[in-house]
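Order of the sequence lines sets the chain letters (A, B, ...), proteins ahead of strands, with each chain counted from 1. Below, all heavy atoms of this structure are taken into account, side chains as well, without hydrogens, waters or symmetry copies.
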Amino acid sequence: MAAGHRVARLLLEWYARGHRDLPWRRTSDPYRIWVSEIMLQQTRAQAAIPYYERFLVRFPTLEALAAARENDVLALWAGLGYYSRARNLWRAARVVAAAGEFPRQYDAIRALPGIGDYTAAAIASIAFGLPHAVLDGNVLRVVARVENDAADIASARTRERFRAVAQGWLDSREPGHFNQALMELGATVCLPRNPMCLLCPLAACCQGREAGTAAQLPVKLRRTVTVELERTLLVIRRRGKLLLRQNGPDARRLAGFWDLPTPQELPAARVGERLGEFPHTITHHRYTIVVHAATVRRVGKEYGWFDAAQFGEIPLCTTARKALKLTE
DNA sequence: AAGTCGGGGCG
DNA sequence: CGCCCAGACTT
């Protein structure tokens, strides 16, 4: 292994010379850092920024979030994906508000709903200066390349070994900057397809670059199989309002979200003109969504009529938004 | 350990 | 078209 303190020094010097000006790097408020880390789970920084800004205007403090209704939190999260993040964030806010203070130790942070190993280490290091190395997709890639390690990163043992490597590199005097620098490197230089080794501060101590294997690392053996599906959505208008159906609170996907009804859910509907279609992907399901106009007599209580002005205030799922855009 | 959850960007 | 993204949780 390259000497840890050398990696840390090179990384921190590189990071100090310049990095992206992300909004959550302008605060030391644990609540804001927490919100950012939840939004950044499996989400690119650029995609999270507008959601982060809006969320903190609406919920500027942990107490404000804890006092909110779950549906209002979901409405602000609509479009960002992985909605259990929003529900867990809201649940955890209520736990922390009841306790009176944001937890300052790794184990207590890790115990909150929606906070796993990565997020606990990120909050502990960035908000409280605790010496915990983060392990995310960026760090996995940088470690695999610097160490020229072709082990399968889908394996838990490999991930634990890589985390230990990052922990060995960590500069415990500034763990927050170190972790952010390592992730920044993965996000801007040590890119998945085309690592920009000529710009990399770790090039001189990167065994993957030396061996010419960097672009092939890391190795991930497990791969996903995507399934093609088709689904019909109905646009039913009455007196200027649109009919939507709310998923139950225990629905597997998009719980609590409003969506356009389908002919299966609403067999009484009379399906009319075909308005168009669009593609939509959910994890490994690739849908072709076909949109029809329709009419209906009466509907159950899970349905509601909404006008366009309300679409920003409710958790409205992306398929419905896309379908409505189609009909404009 | 494998499956699931969203949605978009990129080569 | 497949892979990846500042992962967590359930089975």
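One atom, CD of A:Gln46, and another, C1' of C:dC4, lie 16 Å apart when rounded to the nearest Å. The nearest whole Å value for the distance from the CG atom in A:Leu221 to the P atom in C:dC3 is 12 Å. In this structure, A:Arg223 atom CZ and C:dG2 atom P are separated by 11 Å, rounded to whole Å. Here C:dC9 presents its C1' atom at 12 Å from CG of A:Asp117, a figure rounded to the nearest Å. What separates CD1 of A:Ile49 from P of C:dA6 is a distance of 11 Å, to the nearest Å. Atom CD in A:Glu37 sits about 15 Å away from atom P in C:dC5, given to the nearest Å. Protein atom OH of A:Tyr118 is 12 Å distant from nucleotide atom P of C:dC5, rounded to whole Å. When rounded to the nearest whole Å, the span between CG of A:Leu217 and C1' of C:dC3 equals 16 Å.
Rounded to whole Å, the separation between the P atoms of B:dG11 and C:dA6 comes to 15 Å. Between B:dG3 and C:dC3, the two P atoms lie 15 Å apart (nearest whole Å). The separation of C:dT11 from B:dG6, taken at their P atoms, amounts to 15 Å, rounded to a whole angstrom. Spacing between B:dG8 and C:dC9 at atom P, rounded to whole Å, works out to 24 Å.
For A:Ala45, taking side-chain heavy atoms from C-beta onward, the closest of the listed nucleotides C:dC3, C:dC4, C:dA6 is C:dA6. Picking from C:dG7, C:dG2, C:dC4 the nucleotide with the shortest atom distance to the side chain of A:Arg141 gives C:dC4.
Counting non-hydrogen atoms under 4.0 angstrom, A:Trp24 reaches a base of the nucleic acid. When heavy atoms are screened at a 4.0 angstrom cut-off, A:Leu191 is found touching no nucleic acid atom at all. Within 4.0 Å (heavy atoms only), A:Ala156 reaches sugar-phosphate atoms of the nucleic acid but no base atom. Here A:Thr119 lies in heavy-atom contact (under 4.0 Å) with sugar-phosphate atoms only.
Note on A:Arg58 versus A:Asp72: salt bridge recorded, some NZ/NE/NH1/NH2 to OD/OE distance being below 4.0 Å. Electrostatic pairing of A:Arg163 and A:Glu160 counts as a salt bridge here, judged by a charged N lying under 4.0 Å from a carboxylate O. Ion pair A:Asp21/A:Arg26 flagged as a salt bridge, since at least one NZ, NE, NH1 or NH2 atom sits closer than 4.0 Å to an Asp/Glu carboxylate oxygen. Salt bridge A:Arg161/A:Asp149: present, at least one basic N to carboxylate O contact under 4.0 Å.
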Walk along nucleotides 5-11 of chain B from 5' to 3' and tag each nucleotide B, S or - by protein heavy-atom contact under 4.0 Å, base first, then sugar-phosphate. BBSBB-S
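A:Ser125 and A:Asn179 are linked by a side-chain donor-acceptor pair at a separation below 3.5 angstrom, with hydrogens and angles left out of the test. For the residue pair A:Arg25 and A:Gln180, a side-chain donor N or O sits within less than 3.5 Å of a side-chain acceptor on the partner.
At a threshold of 4.5 Å between non-hydrogen side-chain atoms, the residues A:Phe59 and A:Leu89 do not count as touching.
The ring of A:Tyr31 has its center no closer than 6.0 angstrom to the ring center of A:Phe102.
At C:dG2, one or more side-chain N or O atoms of A:Arg286 fall inside 4.0 Å of OP1 or OP2 (strictly under the cut-off).
Not a single donor-acceptor pair, N or O on each side, falls under 3.5 Å between the base of C:dA8 and the side chain of A:Arg159.
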